Amino acid sequence: MSGGRTIRVLNVAEKPSVAKAVAGILSRSQGLRVREGRSRYNKIFEFNYTISGQPCQMLFTSVTGHLMELEFEDRYRKWHSCDPVDLYHAPVRKFVPEDKLDIKRTLEEEARKCQWLVLWLDCDREGENIAFEVVEVCTEANRHLNIWRARFSALIDREIHESVQSLVQPNKLFADAVDVRQEIDLRIGASFTRFQTMLLRDAFVLEFATDDRNLVLSYGPCQFPTLGFVVERYWEIQSHEPEEFWTINCTHNSDEGIATFNWMHGHMFDYTCAVILYEMCVQEPIATVTKVRQQEKLKYPPHPLSTIELEKRASRYFRMSSEHTMKVAEDLYQAGFISYPRTETDCFSERTDLHTIVQEQQGHPVWGSYAQRLLDHGAGLWRNPTGGGHDDKAHPPIHPTRFSAGESGWSQDHHRLYELVVRHFLACVSQPAVGAETIVEIDVAGELFSASGRVIIAKNYLDVYRFESWGGSMIPTYTFGQQFIPTTLTLDSGVTRPPPLLSEADLLTCMDKAGIGTDATMHDHIKKLLDRFYATKDLNTRFSPTSLGEALVMGYDDMGYELWKPYLRAMMESDMKAVSIGSKRKADVLATCLQQMKACFLDARLNKAKLFEAMAIFFERSNRAGVDEQHAVGDVVRRCGLCQESDMVLRRKPDGNFMVGCLGFPQCRNVVWLPGSIAEAAVTTSVCNTCSPGPVFMIQFKFRRLEIPTNYNVDHLGCIGGCDEILRQLVEICGTGSRNLSSIPARGRGHTTSSSSTWRSNSEQGACTHCRQAGHSSNDCPSQASRFRSTRSLGMNPQTGESSIPCNTCGTPCVLRTANTANNKGRKFYSCQSQECNFFVWEDSLNNANGGRSASRATRSSSASNPSRRGGRGHSGTHTPDVTFVSATGDPISGRRCYVCGDPSHFANVCPNRGM
DNA sequence: GCAAGGTC
């Protein structure tokens with residue numbers, strides 16, 4: 001890396017401001033030129049620099065965050081193009097979206113001119129991922145680029161100069177971890193969102209939605225746990241039963257004032273006991289001072305300001321929403337008044353010139369004199385700030401970067417937020433407040449009471465941080481051993497109160513602790529709850545769930561799933577960490593996680609009745625036709641060949657069976673009856689290239705495993721145009737959804753143009769497709785029938801002699817096991833032997849279920865449902881767990897059963913099937 | 001029309 005002729009180096013930062021700042025630092029603003037790129041926000045800076053002795057012509061530009069997005073391939077983009085479960089393996093692609101194409105072109109053009117590429121993306125996992133997006137675009141344009149990564153944690157001269165002299169290689173593992181996160185988020189989010197939206201939106205009257213056809217009931221691994229926090233607190237309040245307690249209070253008036261003594265026992269819930277103690281005090285009411293303690297107390301200023309802290313404080317002090325706070329902060333940042341507002345860091349680098357920042361504030365009419373005192377050595381007000389232990393290695397804590405006494409274009413909130421940032425900064429480089437505290441303890445008939453007083457000796461940082469206060473209170477002087485008769489001695493009652501609804505600051509705290517979202521996105525998740533009608537916020541910034549939010553959480557809760565709890569995200573986070581340090585492989589984590597979530601999705605879908613039940617508590621059923629997972633009208637399959645005027649659409653009848661019927665009904669009665677064994681069907685965008693007249697859109701079918709022969713696949717992309725041999729055979733074997741053909745008006749019968757009549761005549765006249773014998777169809781084939789009976793019913797496995805059933809989900813035999821949990825000890829259950837399946841059913845529920853599929857499935861979580869919650873809003877809200885689970889750390893966790901394998905004896909974080 | 005993560 002030395003000597004030689006000048007080379008051209010393309011430098012790319014994550015955002016325009018960093019490109020500008022680093023270019024300014026490296027060029028020392030000497031010979032710095034700037035020109036436009038193709039994107040109006042991302043300028044290109046040019047200057048000369050020497051890296052390790054190598055003369056370089058530096059071109060410095062930027063992206064704006066991620067350059068690429070992850071999406072499903074087109075065939076899967078439309079909601080009805082596929083079964084949502086397919087989204088767990090549908091191909092995905094990374095591409096540069098329309099609004100980033102300008103940036104891409106700039107990168108390509110500049111990369112072609114350069115020999116080196118230096119990546120100045122933020123030094124976090126997302127930054128590393130963006131680095132590889134930039135690498136992909138640039139190397140596509142210039143395969144000979146030399147790739148380097150600059151590591152820096154703050155835009156400070158020395159650090160930037162050091163960073164460029166010690167370039168490293170980008171870290172693929174960090175980028176891999178983000179790839180995992182993106183793909184999992186996309187697949188889980190899209191599958192569950194489509195599923196629950198299509199299931200519920202048309203089935204209930206959702207009066208709050210002005211356009212309920214476009215209403216989306218989204219699910220996301222961050223938004224749902226956020227909703228979960230809101231609902232859980234709401235339930236806690238609902239279930240709170242006030243309890244009366246008793247306490248003894250004592251006061252003493254003297255010449256110096258009044259002292260209020262608190263009973264050191266605190267609250268007592270036993271009235272008799274409290275009365276006895278009180279009577280003892282009253283009978284012998286002499287107080288003896290047993291302790292007088294005087295000590296200096298310090299109240300420390302806050303740590304340097306991180307994003308979450310800024311949001312929490314703006315909510316507390318000004319009642320600003322976190323989303324609005326971030327908008328205002330972004331404005332102030334863009335205008336150069338405050339530093340980058342999205343940071344986890346709450347400690348300043350030793351290299352930060354804190355004094356200069358304070359100096360800039362000296363001229364302010366309100367806090368300027370405080371800034372002057374801070375800089376005055378003699379005043380002793382300065383103190384180097386103590387950090388809170390968080391450092392994202394990418395940005396410093398939020399601090400003022402430019403003085404302002406207020407700008408004409410600022411709103412009140414701009415003024416407030418700038419003031420908060422400045423006062424917070426000045427506070428955290430200040431000495432703590434000092435108080436002198438006196439604690440006096442007395443003994444009355446063996447009962448101890450204490451009183452305390454405080455005198456503020458030096459306010460220090462509290463002088464500038466007007467948002468905090470530290471109350472002073474005086475008490476009279478007491479001496480050890482002194483005796484007096486209390487002025488009052490009372491037995492007072494009180495009642496326990498429920499906790500308050502979660503405030504925005506509380507919610508941010510919950511999310512932060514559970515690792516839900518990032519500093520830059522937490523406010524988005526909160527806003528999403530409001531936008532989706534899942535929660536509301538009152539004037540005190542406190543959140544309540546809406547009926548919709550509560551119903552959704554209740555539905556999943558009744559299934560026994562923890563999808564609304566933060567554990568899923570926490571596990572994903574730990575897996576991402578493992579990928580980023582190389583202890584797990586990206587492909588393995590993806591495969592394992594998606595396999596588990598797919599099983600969970602399939603199970604949630606089997607238990608969709610729970611979601612329905614929960615919704616029915618709060619909402620009226622809609623009387624729209626064709627509800628459930630089909631939309632009301634149905635998707636067009638082809639033009640009707642009979643009337644040649646209307647479209648044929650896929651429909652689900654109230655009995656659950658599918659058909660493709662002409663929209664011209666009743667004038668046109670053309671219909672194609674589909675096999676009765678279909679669980680789900682969705683029209684895709686694929687067109688059959690055999691059948692005519694076209695287009696005939698293919699239908700994605702999912703058959704019920706138990707109702708079709710095992711040699712047929714449950715997933716089938718089929719055509720109703722007449723070319724589909726498999727579909728024809730399944731109609732024969734299973735019959736159609738039309739149970740009594742003769743009762744159906746002759747829809748299209750006799751018209752050879754109708755594909756349905758073609759099938760029917762074939763099946764009526766042909767030989768059995770199973771045994772090839774004439775005289776019966778495979779519907780009535782004796783061998784086939786007996787096989788179906790044996791798979792449909794419980795019984796001994798003739799091969800092994802074990803009791804078994806075929807799995808309802810995947811067809812693999814289930815083994816009979818015995819539960820060993822507190823509430824279900826000895827109870828038998830079947831569980832699927834396949835590692836890839838989590839089917840589980842109680843044996844007794846099968847015996848009681850009259851052989852019905854849905855009945856047997858429904859029992860899966862019947863023991864977990866809590867009848868006390870079934871009274872609408874009046875539910876008690878107590879979540880009585882069937883068992884107490886133990887986490888990996890040994891802490892008990894309330895819950896019901898493992899969402900991974902369905903086993904009630906453990907929780908997912910210690911599930912052996914997770915492959916951790 | 002779905003997620004969450006960057007950023008303008």
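Naming: A, B, ... by sequence-line order, numbering from 1 per chain. Every value quoted in this text rests on a predicted model; they were computed, and no experiment measured them.
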Result of checking A:Y219, A:F192, A:W564, A:Y561 against A:F224 for ring-ring contact (aromatic ring centres under 6.0 Å, His included): A:Y219
Phosphate OP1/OP2 of B:dA3: any A:R532 side-chain N/O under 4.0 Å: yes
Pairing residues for A:E136 by the salt bridge (charged side-chain N to carboxylate O under 4.0 Å, His left out) criterion, not counting sequence neighbours: none
Touch class at under 4.0 angstrom, heavy-atom based, for A:R187 against every strand present: nothing
Below 4.0 Å: OP1/OP2 of B:dG5 and any side-chain N or O of A:H525: yes
A:S218 side chain near B:dC2 phosphate (N/O to OP1/OP2, under 4.0 Å): no
Side-chain N,O (A:R569) to OP1/OP2 (B:dG5) below 4.0 Å: yes
Distance test, side-chain N/O of A:R342 to OP1/OP2 of B:dT7, below 4.0 Å: yes
Phosphate contact (B:dA3 OP1 or OP2) by A:Q223 side-chain N/O below 4.0 Å: yes
Heavy-atom donor-acceptor pair, A:E71 side-chain to B:dC2 base, under 3.5 Å: yes
Heavy-atom neighbours of A:Q169 CD exceed 12 at 6.0 Å: yes
Contact nearer the 5' end of DNA chain B, comparing A:H395 with A:S191: A:S191
Donor on one side chain, acceptor on other, A:T521 and A:T518, under 3.5 Å: yes
Proximity to DNA chain B (any heavy atom under 4.0 Å), residues of residues 99-109 of chain A only: A:K100, A:I103
Residue A:Y340, side-chain heavy atoms: nucleotide from B:dA4, B:dC2, B:dG6 that is nearest: B:dG6
Sugar-phosphate, base or nothing in reach of A:E14, heavy atoms under 4.0 Å: sugar-phosphate
Nearest to side-chain heavy atoms of A:W79, which nucleotide of B:dG6, B:dT7, B:dC2: B:dC2
Touch class at under 4.0 angstrom, heavy-atom based, for A:K327 against every strand present: nothing
Pair A:D715-A:Q700, side chain to side chain contact (heavy atoms under 4.5 Å, CB included): steps then yes or no: CA-CA 7 Å; A:D715 294 304; A:Q700 183 67 48; 4.2 Å; yes
Any donor-acceptor pair under 3.5 Å from A:H399 side chain to A:P397 backbone: yes
Donor + acceptor pair across side chains of A:R38, A:T106 (<3.5 Å): no
A:T518 side-chain N/O to B:dG6 phosphate OP1/OP2 under 4.0 Å: yes
